[in-house]
Each structure stands twice: as structure tokens, then as C-alpha cells.
Protein chains: 4
Amino acid sequence: MNRKLRMGMVGGGIGAFIGPVHRMAATLDNEAELVAGAFSSDPKKARASGEKYHLDPKRVYASYKEMAKAEAALPADERVDFVSIVVPNFGHYDAVKTFLEAGFNVVCEKPATFSLAEAKQLKKIIQKSGKLFVLTHNYTGYPMVKQAREIVRSGKLGRLLKVVAEFPQGWMAGLISAPNNGIGRWRMDPKRAGASCCMGDLGTHAENLVRYITGLEIDTMCAELTSFIPGHKLEDDGNVLIRYKGGARGILYASQISAGEENPLAIRVYGEKAGLEWRQENPNYLYMSDPSGNFNRYSRGNGNCCDAARANTRLPWGHPEGFIEAFANVYREAFKGIREIAAGKKNVVVDAPNIDDGIAGMAFIETCVASTKSKTKWTKLLK
Amino acid sequence: MNRKLRMGMVGGGIGAFIGPVHRMAATLDNEAELVAGAFSSDPKKARASGEKYHLDPKRVYASYKEMAKAEAALPADERVDFVSIVVPNFGHYDAVKTFLEAGFNVVCEKPATFSLAEAKQLKKIIQKSGKLFVLTHNYTGYPMVKQAREIVRSGKLGRLLKVVAEFPQGWMAGLISAPNNGIGRWRMDPKRAGASCCMGDLGTHAENLVRYITGLEIDTMCAELTSFIPGHKLEDDGNVLIRYKGGARGILYASQISAGEENPLAIRVYGEKAGLEWRQENPNYLYMSDPSGNFNRYSRGNGNCCDAARANTRLPWGHPEGFIEAFANVYREAFKGIREIAAGKKNVVVDAPNIDDGIAGMAFIETCVASTKSKTKWTKLLK
Amino acid sequence: MNRKLRMGMVGGGIGAFIGPVHRMAATLDNEAELVAGAFSSDPKKARASGEKYHLDPKRVYASYKEMAKAEAALPADERVDFVSIVVPNFGHYDAVKTFLEAGFNVVCEKPATFSLAEAKQLKKIIQKSGKLFVLTHNYTGYPMVKQAREIVRSGKLGRLLKVVAEFPQGWMAGLISAPNNGIGRWRMDPKRAGASCCMGDLGTHAENLVRYITGLEIDTMCAELTSFIPGHKLEDDGNVLIRYKGGARGILYASQISAGEENPLAIRVYGEKAGLEWRQENPNYLYMSDPSGNFNRYSRGNGNCCDAARANTRLPWGHPEGFIEAFANVYREAFKGIREIAAGKKNVVVDAPNIDDGIAGMAFIETCVASTKSKTKWTKLLK
Amino acid sequence: MNRKLRMGMVGGGIGAFIGPVHRMAATLDNEAELVAGAFSSDPKKARASGEKYHLDPKRVYASYKEMAKAEAALPADERVDFVSIVVPNFGHYDAVKTFLEAGFNVVCEKPATFSLAEAKQLKKIIQKSGKLFVLTHNYTGYPMVKQAREIVRSGKLGRLLKVVAEFPQGWMAGLISAPNNGIGRWRMDPKRAGASCCMGDLGTHAENLVRYITGLEIDTMCAELTSFIPGHKLEDDGNVLIRYKGGARGILYASQISAGEENPLAIRVYGEKAGLEWRQENPNYLYMSDPSGNFNRYSRGNGNCCDAARANTRLPWGHPEGFIEAFANVYREAFKGIREIAAGKKNVVVDAPNIDDGIAGMAFIETCVASTKSKTKWTKLLK
């Protein structure tokens, strides 16, 4: 299948944040082209979006149901190869299901679903479909995150003892004194966002980052979710202590009211022999140090990076890559999988987050909520 | 012209560095599509490149001459809207001339030409053509560079006194003890690169950055170009003292043998009231400080950034943008110009480097060479 | 009393770490001179220490009991003005008590005592003595910590919402695979260190830093102390969630097994309007930022720093001050208090940690232990 | 001579900047005590200074001539062991001469003298005296500067190719628009400061740092000194290109009008194999990198530092040392030399700047001035 892949999109109309990121990421390498979409439930906005994205009006649909049906009816050499789902959380499950069952590969925004139960159900649907499902926990697309994972796997840190993952943002701080400005946002609405605001938006990214780099599995958690914004029905701040299987300890926290913070997702992993540190706001570098005073910086693009880090790099050292490029790495892996499936390969595995990550994320969210509500606090990870 | 622009490319076949960057940058915003190219003088490589880039084989040409002719003969709604020239320096002039005269807009890699004389000649051709010519001094595409320019223009620094611009790289250091590994590279070959290696490759970027941010014009220069690599006929290191018109002083240096440096282009601008600092390797931030202890960081994506900085941003604060996005900003401005020209507008001006920047860069290079050769050293900027 | 103060020391013989720091800090400003000491229970080492410190052998004592008696018997213009206690935790209480009751001012290493009960008892002794007691939570001596405190007090952050305090070290990581190397250390011995190793050594510093900067009082805590080193009877890692009175939330953690970390005590304070960040390893700077993109760095020595920050600075901006200078600021305040007491002033208050900080620290330690042992986890701060 | 050394001081009265630094540095390790001084030519200020420094009024002198005579007349077990000269440049020569000839060791502020001729003359006097002369180019006292030197000497960088040394400050920028505020300062007065303001104050520190770390000797220089402050008879900014013997190239610049800069003395050294970077404002770290992507941070206090770095450290890793501690390292070496001389040792050599550094500094200054005045610019280093 030596041609560009044809991309469809659900959500992501004019004015959206994450939709354009998906489009830029998917097309960065000249390996895909946006050709169809159901961008908005507002027909006017949907149409305007299609125009802005230079689509054939016939393939700008009023709903994803219509889109799935119409695209499936197109000749094989016209219809989309995959669909990116970028609607709010409550819409993920049905949209993903619809396209999978119509025979399309799916790329979906995180968190995977509205609830853990939905995520587990979705796994069955994916398995039955034989199609690719990729979840855009995009931070794991950064080359230096892959380098970190490789270092952990290589044993250079020794047995892991402790992980600190943090993801504070401050953009909601202003809502505390002026809550009316923001209460309408979908992330803050339990009906659209689900059981969590901050942990669903940010905490699951941190959780997935830990999972990807360390391979550690959560045993029990002690979480405290807090809502500082008056009237906010979900949390805007969350702090979690974690016991991983095997004995490692963890701290994971996320926040939307940490005034002055931009997007400093960070992870520190400590093993018996050495420690690692990576910070998303300056993502081209990874730091490893040990108690003997050795401190090494790994810099993206150099020959001393591992295969996975090098394969996910587009530019030489010193030419910064950023968020879009990392996101594009998730798509690149998805495309690899889509091409393999098209070529008839079975049990395709690619280096991109999948429904197991989605289930883990939903379990994390629901356990955070359960631990906060419980009196005993330390709570076994829900399954 | 509400459609994607059609892009052609000269050079940039498989294995090239800067060609792919142009492709990613040009297509990042879904506003252009690569449709034609003369990727290599090696027909096999040209063909393979066309396949890899998913082009119609008919539009993969054996030479840019052939391409210009064939594309010009295509119907208006098929032929390319612009051509990106990414061949080594010695090929710029004729390729640019060919496409301009065939009626195409041109985006060209820097330095503009092989010599100052060529650059001045090219200006006439451009003016005559009525087409857009954009030179990819891409570093000026960074939002925080635009913020720096705005701060200088606003008078917040006061009268400018001093500028320090540096661009050391280290990738050639290894050639000093093993010169045979690299002497064949085109950048080191006076017949292909022109009068300069290091200053043409890196120094002109620094010079353009100073020019863009400060608006200062060079009066006289005292340069020392040095070749550390045995057998290297051009320089691999250059240090320059500059006197700007109006009295400001400057230091500008570039290097290819500064072992361990990656790509730390940096500029510091000092005025009577305050100073600025920007470093390319962490490009999302700009620093301003003054003698009273005030130190402010401007961070890309925030509301306190100027219009130009905000208009050249794709992501919120804290989601790092990098080299490709800055490069894409140059293309975005080029597309604006191309669409204006297509709409019949005259004297189109866009916020992207043009032939005047190209002439300034060539004058800078040739004055560096002249100053190095002269005995008096302080040399008036050549015209 | 326009003369140098006469200093005595208990502990701090040759080879000690913190004893020399006390000596350098106390004498940095030419306002004190070491004249007497009970440096070691090993007479040979005590004598050698006295020689090395250039003391009159008559004032090098075999025990602090002897020292207190002998010094008290000296004429007023010879005997020490204050004594610094730098022995392991279990020795604090009696040594401090002995000197206070013999009529001497005391500077004491943290944590204040072996237990909370001792600390409360000590408060009574101090009050009765009319002498000065200063506890060297030295990190609060840094000028930029004082600046942080002033910013919080000024209301620039608005109501405080969240505090993250961290103090990971890695020097014990090596003991995990070679525990025999370290088990003998006094910090790891419950009989000498008390109920805690890591939280007593590091956690209390973090706790005191939060207390000093924010003024927040702990309501309840949920702590998990872990011992990773085989055979270690105390903890070498501790993570704590905190609920402060008034509703702010906190994370505080400390570690001795975070391989590769040196001494990165750090605090981030988030209010409704803005956030602060200070990091001990680069202590001359303090950062304040807000959700509008404003990001300001305060730099020690500048006129825009508050009175307390400026009063605790010895050098101009850009000339780094470090750990010893911050420690010396604690002593400088102590000296101010000692001179005031000598001048007959009552109820002397100085800007240095005192027994209330000591009690708070011991309460923090014992609550960490209680929370870890309890099943309910969230534990009211012990009193 | 197991006793504290007795220190005298010339200059450094109340309100001075560098005098107190000398006192703190000299006494930090409890190895010296200030006992005498000629602090000011103003008798009232001299007396007040003596009181403030807790001196015996008999040893607070009206002039250094008187002081030298009186101290020399004291019994050997009372008189000062060394004198620190901290008056403005024009006073160095005679004061140093006076004390050397009176039989005292001397520590002197930089630059060594008022002129190169004086510095050469001083060398003869020193040699004849048999006493120690140490020049406080204090930045070479930083442990990580010693580490840098060791790395260069070890050959890890390979043959040196390029050095960039920078020392921009901004504190005089305000004088440009308000020159009357500052013209009276001694640094700006040719009669007191000598032939240079900026290069004497800052440039010589940078020059000495290069000399200490690399061992490179200047062959020729091309300098441009500029006075931006109206009415300033000396320069407040200087930029220099350097050719070192053996072929290495250098850039060295210093400034007092670089608004917003504090004290960022920095050096980067590039060899065939690797490069080094050290920045004074965060002095506890040294960075080494190479073209293969290896990037190592050396951190003060660790076992992987060289002997000289470890011997000049007082605190463990992560506990920042700063300017005073580095200054104290110069004194520590001086004391070693003073004790050796007292013990009868001949040809004492210590790791501290001496008159050869002073001569090199004065030659550097005068060559900067000559190059600026000349028309040929590239000027052989004066001798």
C-alpha cells in the first residue's frame, strides 16, 4: 500500500484545540491526508470546518453515524483508512465502536472512555474487529521517553524503588475567584467528562508515562482529589501515593489550579543504581545520574540514543522537536499498524498506546475517586 | 484561492537533511501539498524519491529545467504554485531564475546565492517577475524571535548598544583528526559552497537574526575566519567584531569545530534600559532583564506575547514547539504572499526573509572573507 | 557589647560534617570566635580537635557537663556567650538543658530533640532560662526564602491552595545492595536518631521551610514511610499528603535512596493568583509566575528584593552565595538576640527558628510514624 | 606554626565592597584573624572601621606607611603575618612594595598594578623580598575551575582549538542617560584606575581564567574598547579577538553596560575531542560534551572530581558553595605558602595567582588599549 493513508476525523471543528494537533501530527510525514470528517454537531460549523480543511463537501458529514455508513459504502480506493476520534470523553465509546464495526481503524483521544466498564467492553469490540485501535497518550511519543524506557529495561537503574510523576497546570486557577467563567466547560461537567476532571485530563497522562517507562503495575493507591473551584463538581487537583507491585513506591500528582504552571509534566525514576529525569517542557533531553556523581544528559538525535529514540526523531541534535512531533510519532506507529493490517498481518503490535493503556487509565481514575471517597484510603487498583 | 497550494521541490531527494524539513514545514498546516519535484540529478534516486513521497511519476523530473518547462505547460489548475529550492548554494541562482522566469513563486534555502553579485542580479529578476521570493532564514520564524523584535521596536530596551550573536556547532570537530572523512562534503567545497563554509552555513543565520530583531545595519567589520581541518579550503570557524551604524557594537561568531556544541544559536541584545536573550535550543522562551533586578521570561503562547508572536503559534503555552514549526511559519507567510499575488495584489510584503536579506547575507560573507584577507582588518561592509 | 562573641561547641570534632559548618557560619562575619568545646567523648580526638581549631587546651573539655560547669565558673569577660550543640539527636535535650540552666545561650542542630515530649519539655526550660535558643533549620536563612515569605505575606499569591515540598537525596541508595556498610551510622539507629531517619534528617527541613514561607499549619496528614535498606530499622524514604488548616493541600516528600539526587530541597507554593518556586541547589533565585504568562525571577542582591532578603545578603547580585552564608544568617540573627539579652532586653524575638519550630518538627515526625502505623492513615497532627 | 595567622588590611573601610569579602574569605576556615589595618585615609572612617571590626585601636593606623613601620616594630609573636591590599589600582604598587620591604607577605587585589611597567618592577621586588605575593584573581579559586584545568591538562579535550570567555555586567548602563551619577567613581578615573576601566575590572578576570584553565599564551590580539557613557574617559565595554600561540583562536569580551546582566563570567573551551563549559553564576557545576552526544556534568563535592577540586571544597554535593568560598580557597593557598615561608622553605609555589598572572593581566590591558588605538589592530602582546 504505497500511498498516503486517507484520514477521517470525528470532532475537531474550527476552534478546537486537540483536533488540529491530530491533523498536523497525522500529516507531518506526508503519509496521510485528511479527506473526510464529522467535525461538529452544528451543521454550519461542520461545513465551515470542511472548507477550511480543504475537503470535498461530500465528505463533510453531519454525524459520525452518517460518516461511518457513507465511508463504508465508498469504493475501497476512496474510503478512509482510519478515523481519529477527538470528541469529549462521553462520546468516545460509541464513536469508536461505530467505526470499528464499520471496518475502520481508529485513533482515539484519551482517556479511552467514560468509564472503566466501557473501556473493558471496548477491548472486546477491538479484538473482534481485527482493526487497529490507538489511544493518543501522546507524551510517550517523545524520543527521550523511549530512551528512558530503554534505560529502565536495560537494567542500568537496577531494581526500581521510587517514581515521582507530576503534572501541574495553572490555567483553571483564575476560575476560583470567577467560577462562572468556566463551569460550562465540558471537562468540568460530569456528564461529558466522566468521574474526573483533572485526573482524566492530566493524571492519566502521568500514569501512562510511568507505565510506559517503568512497566510498573499499581497495587494500591491512596488518593486525595480536591475541588478548589466553587461549584466544580469534579476535582481540579489530585495527589496520589502509590504502592507498585514488587515494592516500589510512587507519588503522582496533577493539578489544574497550580497558578503559574504551564505544562510541566515530569517524571523521575529511581532505581538501586541510578535515577532518571525527564521534563516535558524541555523534552529533547533526558538526565541520568547516580550516587557516584556521574550525571549524563542524553540529547535527542545523537548516536548514543537507543534505536527507538532514533527511529522517532526527524531532526539532528540541537534542532528542537516538540509536542507535534511526539504526537506524530504515535501516528507513525499507527500507520505502520494500519499498513500491516491492510497487508493481512494478524496480531499487529505497534509501539503506541492501546486499549490496555486505556483500561489502565480508566482503572486509575476510578480508583482515585474510590480512594478519595473511602475512609480507609489505601485502595486496591480497581479491575 | 481556497485550496491547498501545490508545491514543487528541487533537490531534497532521499537522504537529504533540509529537503524533508521543507516538506514537513510546508505541509504542516494542511495548506500545501507536494506534487512535483526534481529531487536528484541521479535518475534512480529521483525516481525512488518520488515514490517515497507518493508523487505521480509523471511529475518526478530529471532536472529542474525540464520541470520548469513541463509544469509551466500544465493547466493552471494543475501546475505547482511554488517551488522550493533546496540544492547546494552553487545551484540556487539558476534554479531560482529558471522558475521565476517560468512564472512560479520560489522559496529558496539560504544563503541566497553563490556570490554577492549573483544575489544583486537575482533581486532584479525577482522584481521583474512579480513573483514571491522567500529565503528560508528559518530561525526568524520562531515566535519568541518575533517577540524579541517587537520589544526592540517598542523601545523597551532604549537605544541599542551591543549585540552578541553566537552559533557554534561541533559536528566537524572529528574531521580534524580524520579529515578524509569529510572533505568531500559540498559545504567544504568552494566550487559548490562558495566563498565560505561556516559563515555561509551558520554565520548568515546569526547575521539575519540580528538584522531581524534589531534592525541594525552593519557599518564595518573585523573578521577572522579560520580553517582548523587539514585540507579544508574554506573556514570552519569565524569570529567577527562589528560596528553597527549608529554606534552599537557587535560580536558575532560561528563555528563548526566547537566540539560538544549541538545547535546553540543565541542572541543577546543590550540597550540603554534593558537586555534580551534568546537561545534556539530552548526556543519557547525569551528573557528580558534590566539593571534594577527585573527579570521577565516571555513564554510562547501566552496572552502577554505580541500579535506577531501569537499569530505564529500553534499550541498553548507549555506544549513545546520547535524547529519545524518555526520553519512552517516562514512557509505560512510565503503562502499568504502567494495567495495575495494570485489574487492580483501588487507589491506584496510578508513577514518572511526576502532577497534583501539574501543580499545582506552575501555581503556579510564576502566582507568576512575580505576582512580576513586584508591587513587593515576593519572593513566596510561590501555592497 | 561591642566585641566578638565567644562561642563554645559540643560535638563537631575532626571528621564531622555539620560541626565545621557551624564554625564557618558563626565566624563568617567576624562577630564570633570559637574559644571552647567538648568536641568528642574520645579524649584523644577531643584534644586533637582543640589543637586543630587553635583553642587554648584548658578550654577543650572532656564532656559537656564539665564544660558547662567550668565555663560558668570563668569570669564574665572570658566565658562563652553561647554554645552550639551539634551532637546526634539523642544528645540534644540534655546538652541544651545543661547549658541553658548554666546560664548560656544555645544554638542547636535540628531536629530539636529525640521525641516530641522532650521538645515540649525543652520549651519550658527555655522559657524559664531567659536565654536564647535557636534551632538551625538553616535553609530558612537563605535570602530568597525570606523573599518568598514576604511575597506570601504581601498577598501577591492570594489565598494559598497548594504546596509541594520535596527533599530527595540519593546517598544511601548504595546501602541497599551493601547494607552492612551503613547500618552503623547514627542516623539509622533508633537509639540515637529517634523515631525517624529520613523525615528527621530531611523531612523536617522541608516541613520547616513550608511553615516559614507560608505560615500554614498542618491539620491532618497521610504518610507512608518506607525502609528500602535491608536491616534498616527506620525509614529511608517518606511520602506525605497534607491537609492544612484553611483548606490548602500539600505534598511533602523526602528520601535518602533517590539515586542520583544530591540535595535538591525545593518548594512550590500555589495561591489563587500566582505561584512561587525556589530550589536550594541554585538558591540565589526565586521564581514567581501567574496564569497570564507573567514569569518573574527575583535575584538575590537586587533592590527589588524585600528588606529581609537584602539584610541577609553579603554580596552583590551575580556573586553567588551558598549554604554557609545562609547558615550564617541564622547565626547573625542569633547574635542579635544574644546581644539584646546581654543588654537586658526581655522577650527577645529574632528571625531564626526557635523551639516552636522544634516542637512542630517533632510533631511532624511522630505524626508521620503514627500515620504509617495506623490503618486509617489520615492522622491528626499530634500535639 | 600551629596558630591562626594574623592579618592586616590596607583599604576596606566601612562601606567598601571587596574589603569585607577579603575578611570573610581569609577567616572562613578559622586559620586567620584580622588584627590590624589602615582602612581609610579619612581618620574618622578608619577609626570607625577598626571599631566595627573589633580591633585594638592601637593597631588601627592612619596610613599604610605608618602601619608597616609600626607592625614591623612589634614583637614577632604579635605582628601581622600578612597584609591584604584592597585599595584602588593606583595605590597597589607602593603599598605592596612597602609591606614586602618591611618583611610582610602580601595578598593584593587585581589588577596587580597601575601599569605593566609597575607590574614588572614589582616582580623584582617580590623576588628580592623572599615573601609571598598572591593576587586575588579569585575566580580561579572555584573548585570546578580547578576541575576544568585538570581536564584540559589530562588531554581529554585533545589539542585546544578555541576559547570563548565572556564577562558582561550591566550595572553601569544606567549611567549612560545619567552620567553625572557615576563619573566620580574611581574605576572610571584614569588617575586612579589606570589605562582601563572595564578590561581592568572584568577583562583581566576573564583573561586570567583562560590562562589558568587552558595554559594558552596570547600571541596577538585585536581589541575594540568603547566608551558608551558620556564623559567616561575609559572604556565601559571591550571586545577582543585573540590568537593564541600554537594556533588556537579566542574571543574574550567584557562589559559594564550590558543591561540586565549580573555577573555571568563564563568560559567555553573547545578541543579536538571535546568541549568544556563553566558559568560563574552557577559555579558548582562543570559541563563536558563531545560530538558523539556524550554530555557530562561534574558536580562539586563528588568523588569523580579531581584532587584539586576536592581539596578546595568544604561541603558535600548539593550544598552550594559560592563566591566567598572560592575567594577563601585563594587565601587557603596563600596561608599554606605563608606557613611554608615561616618554616624556612624556599621557592614556595602555591596554587594561587601570583605576580606572573599580574604581569599577564597588565600586558593584556595595555595591549587592548594599544590595539584599539592602532590602525593595524592585530597587535602583538606587549611585554
Side-chain angles (χ1 to χ4, degrees), chain A residues 157-159 161-162 164 166 168-177 222-226 228 236-243 247-253 255 257-262 264 268-277 287-296 375-378, chain C residues 157-159 161-162 164 166 168-177 222-226 228 236-243 247-253 255 257-262 264 268-277 287-296 375-378:
Chain A
L157 305 192
R159 183 168 63 97
L161 305 178
K162 186 167 186 179
V164 180
E166 56 188 64
Q169 291 185 344
W171 65 284
M172 281 192 183
L175 303 182
I176 295 171
S177 47
C222 176
E224 179 175 46
L225 306 186
T226 304
F228 285 101
D236 36 53
D237 187 80
N239 304 326
V240 192
L241 303 184
I242 299 175
R243 293 180 184 154
R249 294 297 187 256
I251 299 173
L252 187 154
Y253 63 99
S255 181
I257 51 82
S258 294
E261 297 289 3
E262 299 196 331
R268 284 171 284 177
V269 181
Y270 303 106
E272 275 189 28
K273 297 181 193 166
L276 278 184
E277 179 171 340
Y287 303 92
M288 185 167 79
S289 53
D290 71 31
S292 302
N294 298 307
F295 181 100
N296 303 294
K375 291 180 180 158
T376 53
K377 305 295 299 178
W378 280 102
Chain C
L157 304 192
R159 182 168 62 97
L161 305 178
K162 187 168 185 177
V164 180
E166 56 189 65
Q169 292 184 344
W171 63 284
M172 282 191 183
L175 302 184
I176 295 171
S177 47
C222 177
E224 181 177 44
L225 306 186
T226 304
F228 285 102
D236 38 52
D237 187 79
N239 305 327
V240 191
L241 303 183
I242 299 174
R243 292 179 184 154
R249 294 297 189 256
I251 300 173
L252 188 154
Y253 61 99
S255 181
I257 54 77
S258 292
E261 297 290 4
E262 298 195 333
R268 285 171 284 176
V269 181
Y270 303 105
E272 274 189 30
K273 298 181 191 166
L276 278 184
E277 179 171 340
Y287 304 92
M288 183 167 80
S289 54
D290 71 31
S292 301
N294 298 307
F295 182 101
N296 303 294
K375 288 178 183 165
T376 54
K377 302 295 299 179
W378 280 102

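Residue numbering restarts at 1 for every chain, and letters A, B, ... go by the order of the sequence lines.
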When rounded to the nearest 0.5 angstrom, what is the spacing between [atom1] in [X] and [atom2] in [Y]?
{"X": "A:Phe228", "Y": "C:Arg249", "atom1": "CZ", "atom2": "CZ", "answer": "5.5 Å"}
{"X": "C:Glu262", "Y": "A:Phe295", "atom1": "CD", "atom2": "CZ", "answer": "8.5 Å"}
{"X": "A:Glu224", "Y": "C:Trp378", "atom1": "CD", "atom2": "CH2", "answer": "4.0 Å"}
{"X": "C:Ile176", "Y": "A:Leu161", "atom1": "CD1", "atom2": "CG", "answer": "4.5 Å"}
{"X": "A:Ile251", "Y": "C:Asn239", "atom1": "CD1", "atom2": "CG", "answer": "3.5 Å"}
{"X": "A:Glu261", "Y": "C:Asp290", "atom1": "CD", "atom2": "CG", "answer": "12.0 Å"}

A:Ala274 portion near chain C, given a 4.5 angstrom heavy-atom threshold =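 Just the backbone, heavy atoms under 4.5 Å.
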message = Can you tell me which portion of A:Asn294 sits under 4.5 Å from chain C's heavy atoms? Options are side chain, backbone, both or neither.
response =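 When you check distances to chain C, no heavy atom of A:Asn294 falls under 4.5 Å.
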Which of C:Gly275, C:Ser289, C:Ser292, C:Gly293 touches chain A most, by non-hydrogen pairs under 4.5 Å =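 It is C:Ser289.
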message = Please give me the minimum heavy-atom distance between A:Pro291 and C:Ala173, naming the atom from each residue.
response =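 In this case the closest contact between A:Pro291 and C:Ala173 is CG-CB, 4.2 Å.
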ask   = Closest heavy-atom contact between C:Gly271 and A:Ala259?
value =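 Scanning both residues completely, I find the closest heavy atoms to be O-CB, 3.4 Å.
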ask   = With C:Ser258, which residues qualify under side-chain hydrogen bond (donor to acceptor under 3.5 Å, both in side chains), at least two apart?
value =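 Applying side-chain hydrogen bond (donor to acceptor under 3.5 Å, both in side chains) to C:Ser258 gives C:Ser255.
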message = The criterion is side-chain hydrogen bond (donor to acceptor under 3.5 Å, both in side chains); which residues satisfy it with C:Asn296, sequence neighbours excluded?
response =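 If we apply the side-chain hydrogen bond (donor to acceptor under 3.5 Å, both in side chains) test to C:Asn296, skipping adjacent residues, there are no hits.
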message = Counting only non-hydrogen atoms closer than 4.5 Å, does C:Gln169 touch chain A with its backbone (N, CA, C, O), its side chain (CB onward), both, or neither?
response =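 Contact with chain A: none, neither part.
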ask   = Relative to chain A, which segment of C:Val164 carries a heavy atom at a distance below 4.5 Å: side chain, backbone, both, or neither?
value =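 Looking at C:Val164, just its side chain touches chain A.
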query = With respect to chain C, which residue among A:Lys273, A:Arg243, A:Glu277 yields the maximal number of heavy-atom pairs within a distance under 4.5 Å?
reply =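 Most pairs with chain C among the choices: A:Arg243.
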